[in-house]
Amino acid sequence: MTAGRVVVIGGGIAGLTTAALLARGGALVTLLERHDQLGGRAGTLSVDGFRFDTGPSWYFMPEVFEHAFALLGERIEDHVELERLDPAYRLFPEPADGGVSEPFDVVGDAETNWATFEAREPGAGDAIRRYTEASTQAYRTALDSFLYTTFARPDRLLSLDVAKQSGTLAGLLTGTLADKVAATVTDPVLRQVLGYHAVFLGSSPYRVPALYSLMSHLDLVDGVRFPRGGMYTVIEALERIARKEGVDVRTGTDVASIEVDDARPSLRHPRRSGEARGVRLADGSFVRADVVVSAADRHHTETALLGRHRELPGAWWEDRGPGISALLIMAGVRGELPELAHHSLFFTRDWPGNFEDILGAGRSTPPDGLRVPEAASMYVSRTSASDPTAAPPGHENLFVLVPFPADPSLGAGDRDAVERHADRYLDQVGTWAGIPGLRDRVVTRRVVAPADFARDFSAWRGSALGMEHTLRQSAMFRPGDASARVPNVLHVGGGTIPGVGLPMCLISAELVVKRMLGETSSRPLPAPLRPGFLASSRPRGVWSESVG
């Protein structure tokens with residue numbers, strides 16, 4: 001077998017990890033990133049002495065990170081220093097009188113949390129404890145049976161353990177997370193504690209399957225960690241490893257198209273229309289490849305990069321939901337902010353209405369049917385609470401994420417409107433948290449709107465995370481990671497299985513390796529992967545078919 005060439009489009013966490021893994025496997029890998037900085041949505045911004053993570057800021061599912069590094073023969077603790085946060089986060093319910101909220105903390109000790117919940121609603125402590133026990137079981141089942149599969153062989157999902165839980169799984173896949181939570185507690189704020197994770201899936205608890213109750217295992221059982229120096233330290237570590245494995249990393253390099261030669265269908269690939277031979281860059285130059293892996297936005301890959309060889313045409317997307325976008329506010333603030341924890345969550349009373357504003361009532365609402373919320377449920381990160389190097393002495397940094405409509409016109413052209421929205425949300429944080437004059441203490445700020453996601457990441461409708469995780473857009477119903485029309489084109493990242501978020505993107509990189517090898521199991525690959533492992537790919541693997 002020859003040393004084949006792989007081009008990976010996009011240098012976010014999924015593209016970086018894929019490139020490193022395939023280079024370790026023996027491929028000649030070129031990683032092409034449009035921007036001068038790697039990381040994609042998981043970026044970093046340093047301005048006026050402040051440092052901000054510009055995207056993901058919750059470090060969940062640590063075993064997924066550990067396994068991804070282990071595949072590469074590395075220990076994550078040698079690269080990233082993790083700190084367990086206590087409190088894990090602070091909750092600010094909407095105050096009844098429009099004044100200051102009465103916050104409470106979710107802490108590192110489970111028994112303390114059960115007591116806190118019990119004080120809000122008699123019986124809630126035991127009810128949520130039982131709920132988290134079930135969420136832990138669902139989490140383990142997902143890790144063992146669903147998340148690490150390409151769905152190339154659905155029959156292999158039906159293990160004895162999964163079959164025994166079939167009744168439970170049916171309920172988790174057909175009901176909504178909100179319904180499951182409503183059957184557990186009645187206190188509105190406790191329902192929000194159990195349902196806010198849906199935002200991390202680009203959706204709402206009223207739209208995601210109850211299976212995602214598994215996410216309560218992450219914060220209420222497993223605890224919340226944070227990498228000292230910020231989430232971008234993970235990206236920096238993966239870049240070092242990728243370069244060490246021999247990846248040719250090219251930043252400031254925009255891909256204009258995936259070049260595909262026409263090819264006839266075959267018994268093995270009855271829908272095939274072509275075979276990729278490389279990528280054409282925006283400057284007109286060409287990079288040859290035996291396999292192309294796109295970590296770019298899935299809609300952009302299908303509708304722009306693949307041209308007439310697309311698998312998911314424009315009409316397919318009209319019936320799908322892009323999920324939420326976001327208004328991001330990165331603010332450097334003068335003085336201390338002890339009122340806010342490292343992670344703080346602000347919850348409006350009219351949660352259903354808040355989500356309907358930004359997602360619409362239907363499963364695919366056009367932008368003109370969406371509304372910017374007046375008062376918002378939002379997330380605020382104050383990383384300077386745990387890492388003083390994130391802000392100059394005597395200052396704090398704030399990262400505010402406001403779920404927003406997926407409308408690429410928001411922030412396009414005149415920026416005054418989104419700046420006014422940012423003013424209003426900063427005022428809301430200051431009022432609810434009891435911080436007088438918060439906005440007046442801001443010494444520097446940057447605002448990112450849906451138009452910026454559309455421009456910078458070619459994001460479908462300016463979405464912040466990618467396709468939302470409704471039942472019709474989760475697990476085997478999500479777009480797959482291998483093109484049926486161009487078999488040597490693979491997909492990785494939030495636009496494919498298993499879904500959005502840093503841990504899911506790491507798993508998606510491993511699923512590309514499985515596709516290359518022809519591996520159809522639902523279990524994680526054994527770690528570490530031995531150097532040159534692609535030489536052992538099976539006859540039905542993408543690697544064997546492309547370069548064997």
Side-chain angles (χ1 to χ4, degrees), residues 10 12-18 21 40-42 56 58-68 71 135 138-154 156-159 162 169 172-173 177 197-203 207-218 222 293-299 301 312 320-323 463 465-483 490-517 519-525:
I13 193 169
L16 259 177
T17 308
T18 301
L21 289 169
R41 287 172 169 86
W58 290 70
Y59 191 92
F60 277 154
M61 303 179 72
E63 58 268 74
V64 172
F65 287 87
E66 291 168 7
H67 177 66
L71 289 175
S135 76
Y139 179 68
R140 296 302 173 197
T141 299
L143 280 179
D144 292 343
S145 303
F146 295 106
L147 295 180
Y148 283 92
T149 180
T150 63
F151 296 104
R153 289 282 303 274
R156 294 202 169 190
L157 299 177
L158 299 178
S159 67
V162 173
L169 288 172
L172 291 175
L173 290 171
L177 176 59
H197 313 85
V199 175
F200 297 154
L201 302 168
S203 189
R207 297 161 71 104
V208 304
L211 175 65
Y212 292 111
S213 60
L214 62 85
M215 296 186 74
S216 284
H217 163 83
L218 304 176
D222 200 38
V293 182
S294 179
D297 178 86
R298 184 61 176 268
H299 178 267
T301 300
L312 306 175
R320 275 29 180 219
S463 61
L465 299 172
M467 183 184 296
E468 67 173 318
H469 279 268
T470 59
L471 175 59
R472 294 178 71 247
Q473 298 176 178
S474 296
M476 69 283 292
F477 303 113
R478 201 167 184 81
D481 59 353
S483 171
L490 300 175
H491 303 278
V492 71
T496 183
I497 53 176
V500 303
L502 296 186
M504 299 299 101
C505 287
L506 289 172
I507 293 174
S508 74
E510 184 168 342
L511 297 183
V512 166
V513 173
K514 285 189 167 187
R515 284 285 186 181
M516 298 282 263
L517 292 173
E519 170 61 48
T520 58
S521 74
S522 60
R523 300 280 182 170
L525 292 168

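- Taking CZ of R478 as the start and CG of L471 as the end, the distance is 12.0 Å to the nearest 0.5 Å.
- For H67, the ring-ring contact (aromatic ring centres under 6.0 Å, His included) partners are Y148, not counting sequence neighbours.
- Heavy-atom minimum distance, D222 versus P62: OD2-CD, 3.3 Å.
- Atom OG1 of T496 sits about 9.5 Å away from atom CE of M467, to the nearest 0.5 Å.
- Of all the heavy atoms in A142 and L214, the pair that sits closest is CB-CD2, 4.0 Å.
- Going from atom OG1 of T470 over to atom CZ of R320 covers 9.0 Å, rounded to the nearest 0.5 Å.
- Closest heavy-atom contact between P56 and A42: CD-CA, 3.7 Å.
- The two residues A14 and G493 come nearest to each other via the heavy atoms CB-CA, 3.6 Å.
- Proximity of a side-chain donor or acceptor of R515 to a complementary backbone N or O of H491 within less than 3.5 Å is not detected.
- Annotation: side chain to side chain contact (heavy atoms under 4.5 Å, CB included) contacts of A475 (sequence neighbours excluded): F151.
- With sequence neighbours left out, the ring-ring contact (aromatic ring centres under 6.0 Å, His included) criterion links H299 to W317, W460.
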Identify each donor-acceptor pair in which a side-chain atom of residues 499-507 lies under 3.5 Å from a protein atom, sequence neighbours left out, and give them as a table.
none

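- Y139 meets the side-chain hydrogen bond (donor to acceptor under 3.5 Å, both in side chains) test with E63; sequence neighbours excluded.
- Remark: S213 pairs with Y131, L172, L177, K180 by the side chain to side chain contact (heavy atoms under 4.5 Å, CB included) rule, at least two apart or across chains.
- No side-chain heavy atom of L71 sits under 4.5 Å from any side-chain heavy atom of P524.
- Listed by chain and number, the residues in a salt bridge (Lys or Arg N to Asp or Glu O under 4.0 Å) with D297 amount to none (sequence neighbours excluded).
- Residues that satisfy the side-chain hydrogen bond (donor to acceptor under 3.5 Å, both in side chains) test with S203, not counting sequence neighbours, are E468.
- Residues satisfying the side-chain hydrogen bond (donor to acceptor under 3.5 Å, both in side chains) test with S294, not counting sequence neighbours, are T301.
- With sequence neighbours excluded, no residue forms a salt bridge (Lys or Arg N to Asp or Glu O under 4.0 Å) with E510.
- The backbone N or O of S521 lies less than 3.5 Å from a partner atom in the side chain of K514, making a donor-acceptor pair.
- Annotation: the span from I497 atom CD1 to D481 atom CG amounts to 4.0 Å, rounded to 0.5 Å.
- To the nearest 0.5 Å, the span separating CG on L490 from OG on S508 amounts to 11.0 Å.
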Decide side chain to side chain contact (heavy atoms under 4.5 Å, CB included) for M61 and L143; before the verdict, give the C-alpha distance in whole Å, the side-chain angles of both, and the deciding distance to 0.1 Å. CA-CA 10 Å; M61 303 179 72; L143 280 179; 4.1 Å; yes

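- Residues meeting the ring-ring contact (aromatic ring centres under 6.0 Å, His included) test with F60, sequence neighbours left out: W58.
- A distance of 7.5 Å separates CG of L201 from OG of S474, quoted to the nearest 0.5 Å.
- Closest of all the heavy-atom pairs between P479 and R298 is CB-NH1, 3.6 Å.
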